[in-house]
Colleague: 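Questions regarding the structure given below will be posed in turn.
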There are 2 protein chains.
Amino acid sequence: MPRRPTVYDVAERAGVSIATVSFTFRQPERVRESTRAAVLVAARELGYVPNASARGLAHGRTGALGLYSFDLMLAAPQQGADGAAPAGDADDLDPDADPRAFPLYVDEVQRGYELECWQRGQALLLSSGSGSGASVTEVAGRVDGLAVFPGPTPVGTLEHVARRIPVVAFSIPPVADGLHHVTVDNRAGMRDLVGHLVGDHDLRDLGFVGRLTTPDYAERFAGFREAVAAAGLDAPAEPLDPTDLAEPHRFEVVASLAAEDRLPRALVCASDQLALAVLDLLAARGVPVPERVVVTGFDGILAGRLARPTLTTVRQPMAAMGRLAVQVLVRHAGAPAEEPESHLLPVRVVRRESCGCPPALA
Amino acid sequence: MPRRPTVYDVAERAGVSIATVSFTFRQPERVRESTRAAVLVAARELGYVPNASARGLAHGRTGALGLYSFDLMLAAPQQGADGAAPAGDADDLDPDADPRAFPLYVDEVQRGYELECWQRGQALLLSSGSGSGASVTEVAGRVDGLAVFPGPTPVGTLEHVARRIPVVAFSIPPVADGLHHVTVDNRAGMRDLVGHLVGDHDLRDLGFVGRLTTPDYAERFAGFREAVAAAGLDAPAEPLDPTDLAEPHRFEVVASLAAEDRLPRALVCASDQLALAVLDLLAARGVPVPERVVVTGFDGILAGRLARPTLTTVRQPMAAMGRLAVQVLVRHAGAPAEEPESHLLPVRVVRRESCGCPPALA
DNA sequence: TTGTATGCGTTATCAC
DNA sequence: GTGATAACGCATACAA
C-alpha cells in the first residue's frame with residue numbers, strides 16, 4: 001500500500017515548493033490563481049489529505065475539545081429490580097436501545113456539548129475509560145480543553161492536567177483546585193420538590209432512597225433534610241434505603257417495608273434511575289403509586305416520561321450545562337485556568353403523575 | 001504562561017535522556033525501577049502531558065475514529081405543523097431538550113458508534129459541518145477511519161478520502177465507490193408495514209407522505225409501491241404529499257385533503273419525524289387517529305413512544321449500525337478500502353396505537 | 001508571489 | 001538499561 005501523500009509529494013507533482021502547497025490550503029488568496037489550480041489538481045490526483053497531527057504539532061493546537069466519561073456508567077444495569085421487565089416494546093434487534101439506558105443525564109449534557117462545539121466549528125473528542133489517571137492524561141494530550149464527568153479520577157490527575165489546558169468539571173462542588181466548575185443547585189431543587197410534596201400534597205412521612213455515592217446525591221440528601229426540617233418534620237440522619245444501583249442487593253429496605261406495608265407516604269429518590277427502578281419494584285409487588293406511596297426522581301431524563309405513572313422529578317438544565325462548559329473552555333483557550341470559573345445553574349421541579357399530580361393535558 | 005513541558009524538560013529534570021522518558025511511559029518494564037521513579041516524579045512535578053499530535057506524527061496513527069454529521073440536521077424544525085405545541089412538559093430552562101429533536105435516528109446510530117469505540121478503548125472524534133469537501137477532509141486528516149452520514153457531501157470527496165483511510169457510509173446504497181456501506185432493508189420494512197396495514201387492518205386506501213430527498217426515503221417509497229401493488233391496489237407513481245420538513249409549506253396536500261374530508265385511510269410517512277408532524281396537524285384539525293386515518297412512521301425514534309396515539313413504525317437497528325461501522329473500520333485499519341464491505345441490516349415493524357393496534361400492556 | 005530552512009514533541013533505530 | 005539521532009508532515013519567518 002502506498003504511503004499517504006504529503007505536501008512534498010503534492011509540491012513535486014505541481015512543480016512548486018511545499019510552502020506554496022501549504023499556502024494554497026491555508027491562505028489561498030496569497031497564491032496566484034494558476035498556481036493554486038495546479039496545486040489543487042495535484043492534490044486531488046494524489047489523494048492528498050492534510051495530516052492533522054503534523055498540523056497540530058506545528059501550530060501548537062489540536063483544534064479539538066475533549067469530553068471524558070466513565071465506563072462505569074456503561075455498566076449500568078439494564079433490568080429493573082426483581083427482574084421486572086421494562087415497559088414498552090421489547091426490541092430484540094437492538095438491545096442497546098433502551099430508554100432506561102439512553103439518553104441519561106450524561107448523554108443530554110454531552111448533547112449540549114456537541115451542539116455548542118458544532119456551532120463553533122470545533123471538533124469534539126469523546127473518550128471514556130476507567131477514570132485512571134493514565135486514560136485522562138491520554139485525552140488531555142489530544143485536545144485544547146477538556147470537560148470531565150464526576151467519577152473515580154484522582155483529583156490530582158485533574159489538577160495536573162489543568163495546569164496545561166483548561167478543564168471543566170461537571171457536577172462537582174467548586175473547590176480551589178484550578179478546575180472550572182459547572183454545577184446545578186441540587187439543594188434548592190430538592191427543597192422545592194419536598195416543598196411541593198409537603199405543601200401541595202400534604203405528605204408528612206418521607207423517606208430518601210439512594211446511597212450518597214456522588215457529590216450530587218449528597219447535596220440532594222442535604223437539601224432533603226433541610227426541607228423536611230423546615231416543614232417541622234423529623235429529618236433523618238441517613239437515607240432510608242442506601243441502594244447503589246451499581247451494586248447488587250438493591251432496595252432491600254424498600255422491599256421489606258413494602259412487604260410489611262410499612263412504607264412511608266413518599267419515596268424521594270436521589271436520581272431518576274433509582275426512582276424508575278423503585279417504580280418497577282412497587283409495580284411488581286402491587287403497591288399503587290401514587291395512591292399508597294409517592295415516588296419522585298431527580299435529573300429529568302426522558303425515561304421518566306415513559307414510565308407509568310409518569311415520573312415527578314427535578315430537571316437539570318443538562319444541555320445548557322454542556323453548552324456552558326464549551327463556552328468556558330473556549331474562553332480560556334490556550335491558557336490554563338488562572339481564575340477558575342464556577343457556575344451554579346438552576347433546576348426546576350417537574351410535576352407529573354407519580355407524586356399525585358394529574359396527568360398533563362395532551 | 002509557561003510553555004507546556006516536553007520530554008526534554010522531563011529528561012533534563014530527571015537527569016536522563018529523552019529516550020528514557022519515552023520508554024518510561026511506553027514500555028515501563030524496559031526501564032530500571034529507580035530510573036522510572038525519577039522520571040515519573042519529574043513528570044508529575046512539571047505537569048507533563050504527552051502531546052498526541054507529536055505522537056501521532058511519529059507513530060503514523062492518531063488512535064481515533066471519526067464520525068461526521070451535518071449541521072443541516074441541527075436546523076431541523078422544532079415546532080409541529082400549524083404551531084401545534086408538542087405534547088408534554090414545556091421546558092423553558094432547557095430549550096434543547098425536546099424529544100422531537102433528540103434522540104433522533106443519527107443520535108442513536110452515534111450512540112452505538114460510541115459504545116463500540118469505548119469498549120475498544122478507541123477515541124472518537126465527532127465533527128459536523130455543511131458537508132463541504134473541505135470540512136470532511138479536515139476530519140479525515142485527524143482520524144484512522146471515518147464514518148459519514150448521508151448528506152450533501154460530494155461523492156468525489158468521500159472517494160478521495162477513502163483512498164487514504166477506510167470510510168463507512170451510512171444509509172447510502174452500496175455502489176462501487178471504494179466506500180464501505182452500512183444500510184438497512186428499507187424496502188422489506190416498508191413491505192412488511194404495508195402488509196400489516198392491508199392484511200391485518202384491512203386498509204385499502206393508502207397515501208405516502210414525504211419528499212424523496214434521501215436514498216432511504218426513495219427506497220421506502222419503492223417498497224411502498226411494491227407492497228401496494230402486491231396487494232392488488234393501485235400503486236401511485238408519486239408520494240401523495242411531497243413534504244420536506246426542512247422546507248416551508250409543509251403538508252399542503254394533507255391539509256387540504258383533511259379540510260375536505262378526503263384523506264385516505266392511511267398516511268404512510270417516510271420517517272417518524274414526518275409522521276409526528278402529521279399527527280400534530282391532524283390533532284389540531286380534529287381528525288381522529290387511527291379511527292379516521294391511520295398514520296405510520298419509519299425509524300423507531302423514542303419520540304414515537306411519547307406521541308398520542310403512540311406511533312406505529314418500522315424500527316432500524318440504529319445502535320447496531322453504529323457498532324458495525326466501528327467494527328468495519330477497525331477491521332480495515334491502516335489500509336484504505338481494497339474490498340469494500342456492504343452490510344444490509346434487517347428492520348422490524350413496531351405495532352403501536354396509530355395504526356389501530358391496541359395499546360401495549362403496561 | 002514563491003522558495004528555503006527551521007522547529008514543533010514523539011517514537012524508534014541504532015549504538016554503547 | 002540507556003543515550004544519540006533521524007524521521008514524521010506541516011507551518012512560518014525570512015529570503016529571494
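Each chain gets a letter, A, B and so on, in the order the sequences are listed, and its residues count up from 1.
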Colleague: What do you reckon, is CZ of A/Arg44 surrounded by more than 12 foreign heavy atoms closer than 6.0 Å?
Modeller: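 No, the 6.0 Å shell around CZ holds no more than 12 heavy atoms from other groups.
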Colleague: Please determine, by modelled atom types, if B/Gln119 and B/Arg323 share a side-chain donor-acceptor pair under 3.5 angstrom.
Modeller: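 Result is yes, a qualifying pair exists.
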Colleague: Under 3.5 Å, which donor-acceptor pairs link side chains of residues 149-157 of chain B to any protein atom two or more places apart or in another chain?
Modeller:
from: B/Thr153; atom 1: OG1; to: B/Gly131; atom 2: O; distance (Å): 3.2

Colleague: Is it true that A/Glu159 and A/Arg163 have a side-chain N and a carboxylate O under 4.0 angstrom from each other?
Modeller: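 Looking at A/Glu159 and A/Arg163, the cut-off is not met.
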Colleague: If you pin A/Ala58 and A/Arg32 to their nearest nucleotides in DNA chain C, which one's is more 5'?
Modeller: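 Nearer the 5' end of the strand: A/Arg32.
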Colleague: First and last nucleotide of DNA chain C touching chain B, 5' to 3', heavy-atom cut-off 4.0 Å?
Modeller: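 First and last nucleotides in contact are C/dG9 to C/dA12.
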Colleague: Looking at DNA chain D, which of residues 16-23 of chain B put a heavy atom within less than 4.0 Å of it?
Modeller: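 Those residues whose heavy atoms fall under 4.0 Å from DNA chain D, taken from residues 16-23 of chain B in numerical order, are B/Val16, B/Ser17, B/Ile18, B/Ala19, B/Thr20.
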Colleague: Okay, side chain of B/Asp144, backbone of B/Arg61: is any donor-acceptor separation there less than 3.5 Å?
Modeller: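 No, because the side chain of B/Asp144 does not come within donor-acceptor range (under 3.5 Å) of the backbone of B/Arg61.
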Colleague: Do other residues, nucleotides or ligands put more than 12 heavy atoms under 6.0 Å from the NE2 atom of B/His59?
Modeller: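 No - once you tally the heavy atoms of other residues, nucleotides and ligands closer than 6.0 Å, there are 12 at most.
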Colleague: Does B/Ala54 or B/Arg30 map to a spot on DNA chain D nearer the 5' end, using the closest nucleotide for each?
Modeller: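 Between the two, 5'-proximity favours B/Arg30.
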Colleague: Step by step, work out the ring-ring contact (aromatic ring centres under 6.0 Å, His included) result for A/His181 and A/His343.
Modeller: CA-CA 6 Å; A/His181 287 267; A/His343 295 273; over 10 Å; no
Colleague: Verify whether one side chain among B/Ser171 and B/Tyr105 offers a donor that lies under 3.5 Å from an acceptor in the other.
Modeller: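 There is such a pair between these side chains.
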Colleague: When you list every nucleotide of DNA chain D with an atom under 4.0 Å from a heavy atom of chain B, which one comes first 5' to 3', and which comes last?
Modeller: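 With heavy atoms of chain B under 4.0 Å away, the range is D/dG1 to D/dG9.
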Colleague: Between the side chains of B/Glu116 and B/Gln122, is a donor N or O closer than 3.5 angstrom to an acceptor N or O?
Modeller: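 There is no such pair between these side chains.
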Colleague: Classify the angle between the aromatic ring planes of A/Phe25 and A/Tyr48 as parallel (below 30°), tilted (30 to 60°) or perpendicular (above 60°).
Modeller: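 Correct class here is tilted.
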Colleague: What is the nucleic acid contact for B/Arg26, judged by heavy atoms within less than 4.0 Å: base, sugar-phosphate only, or nothing?
Modeller: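 B/Arg26: backbone/sugar contact only, no base atoms under 4.0 Å.
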Colleague: I'd like to know if B/Arg111 pairs up with A/Asp107 as an ion pair, taking the criterion as any Lys NZ or Arg NE/NH1/NH2 lying under 4.0 Å from an Asp or Glu carboxylate oxygen.
Modeller: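 Judged by the 4.0 Å cut-off on N to carboxylate O distance, B/Arg111 and A/Asp107 do form a salt bridge.
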Colleague: CD of B/Glu341: more than 12 outside heavy atoms within 6.0 angstrom?
Modeller: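 Above 12, so yes.
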Colleague: Using a heavy-atom cut-off of under 4.0 Å over every strand shown, decide if B/Val31 touches base, sugar-phosphate, or nothing.
Modeller: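 Result for B/Val31 = sugar-phosphate.
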Colleague: Between A/Met321 and A/Leu345, is there a side-chain heavy-atom distance shorter than 4.5 Å?
Modeller: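 Yes, their side chains come closer than 4.5 Å.
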Colleague: Would you please say whether a donor-acceptor pair under 3.5 Å links the side chains of B/Glu108 and B/Gln316?
Modeller: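 No donor-acceptor contact under 3.5 Å links the two side chains.
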Colleague: According to the interplanar angle, ranging from 0 to 90°, do the rings of B/His332 and B/His180 count as parallel (below 30°), tilted (30 to 60°) or perpendicular (above 60°)?
Modeller: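 The arrangement is tilted - the two ring planes meet at 30° to 60°.
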Colleague: Of the residues in residues 133-145 of chain A, which ones touch DNA chain D at a heavy-atom distance under 4.0 Å?
Modeller: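 Within residues 133-145 of chain A, no residue comes under 4.0 Å of DNA chain D.
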Colleague: Give the residues of residues 34-52 of chain A touching DNA chain D, defined as any heavy atom closer than 4.0 Å, sorted by residue number.
Modeller: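 Here the set is A/Tyr48, A/Pro50, A/Asn51.
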